[in-house]
Q: 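Just dropping this structure here.
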Amino acid sequence: MPAPAPASSSPTPTAAAPAPAPTPVPARGARFGPVALVVSAGVSVQFGAALAVMVMPRVGAAGVVTLRLAAAAVVLLLLCRPKVRGYSRADWGTVVAFGVAMAGMNGLFYQAIDRIPLGPAVTLEVLGPLALSVIVSRRLVNLLWAGLALAGVALLAGHGGGGLGGLDPLGAAFAVGAGAMWAAYIVFSARTGRRFPQADGLALAMAVAAVISLPLGVREAGSALLVPGTLALGLGVAVLSSVLPYTLELLALRRLPAPTFAILMSLEPAIAATAGFLILGQAMSWPDALAIALVIAASMGAVRSQTAG
């Protein structure tokens with residue numbers, strides 16, 4: 001799951017300095033810091049998703065989504081204390097659309113990982129941002145990256161038993177739908193960031209998403225949502241999947257160029273597969289691993305070619 005992409009300020013190299021110029025070692029250390037933050041955020045998101053799979057037997061997929069979004073909304077609203085006055089109807093329309101995209105992305109994704117392994121689910125989901133990158137770019141080379149991604153999906157679907165290569169077809173469809181909502185999330189995240197200061201728009205959109213998901217979660221889980229142990233696990237999912245990664249990525253983007261950030265985000269399918277293996281015991285075959293590698297390579301290539309343009 002992605003975090004919003006606020007404006008980043010990449011460090012600009014200084015002009016030729018007089019006499020004793022600084023050595024390159026501090027620069028490398030400075031770059032490693034934000035990269036480590038982004039990778040840590042990705043690990044947090046995917047291990048949070050793995051924890052969510054463990055909570056699903058208690059409250060179902062919709063219940064987990066409600067717990068995650070509600071807990072994250074409460075935490076963000078308390079931390080940000082966003083103002084609600086002084087905004088236009090267009091501003092509120094943007095933040096509501098952002099919240100709808102967030103609710104749809106989370107709802108569809110958790111329905112997917114309730115049916116198919118975490119690694120393939122994130123691999124199919126990442127096709128949404130990749131398609132968005134190809135559409136907005138005017139470079140023909142991105143068609144090559146799109147083809148590479150489709151080859152990965154074909155490989156993922158072309159082996160195993162019944163269904164989509166052994167994957168539950170409905171689960172795969174949910175993952176693709178989550179990817180489409182992820183693309184919408186990216187668009188409205190950027191628009192919200194331009195209209196609301198700091199993380200205020202994110203906090204308000206998270207509240208909208210929580211309100212949208214609440215009836216579905218209550219319908220599926222009922223009073224099970226209020227069991228203390230389940231609430232604690234839901235808070236853990238919210239912290240790992242939303243609060244912590246969003247904070248780490250916001251800190252990283254202050255010192256990391258946005259294209260580098262996007263490339264690092266492309267590693268999420270591999271992180272998800274690792275989390276699925278370590279926490280859930282979801283082993284992967286070599287075709288699955290190769291398919292994930294192809295989609296990661298396509299995502300990285302699309303970002304780099306868009307930057308070069």
Side-chain angles (χ1 to χ4, degrees), residues 1-3 41-72 101-130 152-153 156-157 160 163-183 185 209 213 216-217 220-221 224-225 230 233-242 244-245 265-285 288-289 291-292 295-296:
M1 293 291 153
V43 171
S44 181
V45 167
Q46 301 308 332
F47 277 78
L51 177 61
V53 173
M54 300 173 66
V55 184
M56 283 179 187
R58 301 187 180 199
V59 293
V64 172
V65 173
T66 296
L67 287 173
R68 172 189 168 174
L69 293 178
M102 191 184 301
M105 177 181 67
N106 281 277
L108 291 170
F109 178 72
Y110 281 108
Q111 290 291 339
I113 62 176
D114 192 31
R115 293 169 171 81
I116 63 177
L118 188 57
V122 177
T123 302
L124 293 171
E125 185 193 26
V126 84
L127 294 178
L130 176 60
V153 174
L156 193 66
L164 184 66
L167 297 178
D168 178 80
L170 184 57
F174 279 134
V176 173
M181 297 304 294
W182 189 355
Y185 172 99
S213 70
L216 298 175
E220 181 167 353
L225 291 171
T230 303
L233 289 172
L235 180 60
V237 172
V239 171
L240 285 174
S241 299
S242 298
L244 182 59
M265 291 291 286
S266 302
L267 297 175
E268 287 211 4
I271 299 174
T274 302
F277 174 73
L278 293 178
I279 296 182
L280 304 174
Q282 296 175 344
M284 293 184 59
S285 64
D288 290 334
I292 290 174
V295 173
I296 291 173

Q: For I271 and G42, work out which heavy atoms get closest and say how close.
A: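 Closest approach of I271 to G42: CG2-O, 3.7 Å.
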Q: Just do the side-chain contact (heavy atoms from CB on, under 4.5 Å) check on L240 and L51 with the steps written out, would you?
A: CA-CA 9 Å; L240 285 174; L51 177 61; 4.1 Å; yes
Q: At what distance, to the nearest 0.5 angstrom, does CZ of R115 lie from CD1 of I113?
A: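 These two atoms lie 11.0 Å from each other.
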Q: Please confirm whether the backbone N or O of L225 pairs with a side-chain atom of T230, one donor and one acceptor, at under 3.5 Å?
A: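 Not a single qualifying donor-acceptor pair exists.
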Q: Shortest non-hydrogen contact from L69 to A209?
A: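 Heavy atoms of L69 and A209 come nearest at CD1-O, 3.7 Å.
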Q: Between D114 and Y110, is there a donor-acceptor pair closer than 3.5 Å when you use the side chain of the first and the backbone of the second?
A: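 Flag not set: sc D114 to bb Y110 has no pair under 3.5 Å.
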Q: Within this structure, what is the OG1-CZ distance for the pair T274 and F47, rounded to the nearest 0.5 Å?
A: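 The CZ atom of F47 is 7.0 Å from OG1 of T274, to the nearest 0.5 Å.
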Q: Side chains of L124 and F174: does their closest heavy-atom pair fall under 4.5 Å?
A: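 No; the side chains remain at least 4.5 Å from each other.
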Q: Hey, are the side chains of N106 and M102 touching, using non-hydrogen atoms and a 4.5 Å cut-off?
A: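 Yes, side chains in contact.
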Q: I need the minimum non-hydrogen distance between S242 and A72, along with the two atoms involved.
A: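 Result for this residue pair: CB-CB, 3.8 Å.
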Q: Could you report the tightest heavy-atom contact between A71 and G234, atom names first, then the distance?
A: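 In this case the closest contact between A71 and G234 is CB-O, 4.5 Å.
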Q: Find the distance between CH2 (W182) and CG (L108) and round it off to the nearest 0.5 Å.
A: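 Answer rounded to 0.5 Å: 13.5 Å.
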Q: Is there a donor-acceptor pair under 3.5 Å between the side chain of R68 and the backbone N or O of S241?
A: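 Indeed, once roles are kept as given, a pair shorter than 3.5 Å links the two residues.
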Q: Using side-chain heavy atoms (C-beta onward) and a distance below 4.5 Å, is V65 in contact with L216?
A: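 No, their side chains stay 4.5 Å or more apart.
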Q: Suppose we screen for side-chain contact (heavy atoms from CB on, under 4.5 Å). Which residues come up paired with L280, at least two apart in sequence or across chains?
A: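 For L280 the side-chain contact (heavy atoms from CB on, under 4.5 Å) partners, ignoring immediate neighbours, are A50, V53, M54, Q282.
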Q: What closest approach, in Å, do L244 and S44 show between heavy atoms, and which atom pair accounts for it?
A: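 For L244 and S44, the tightest heavy-atom pair comes out as CD2-OG, 3.6 Å.
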Q: Using distance only, find each side-chain donor-acceptor pair of residues 56-64 under 3.5 Å and give its atom names and separation, not counting sequence neighbours.
A:
none

Q: If you measure from CG on L278 to CD on Q46, what distance do you get to the nearest 0.5 Å?
A: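 One gets 12.5 Å once the value is rounded to the nearest 0.5 Å.
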Q: So which heavy atom on A183 is nearest to which on G128, and how close?
A: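 Heavy atoms only, the tightest pair is CB-O, 3.7 Å.
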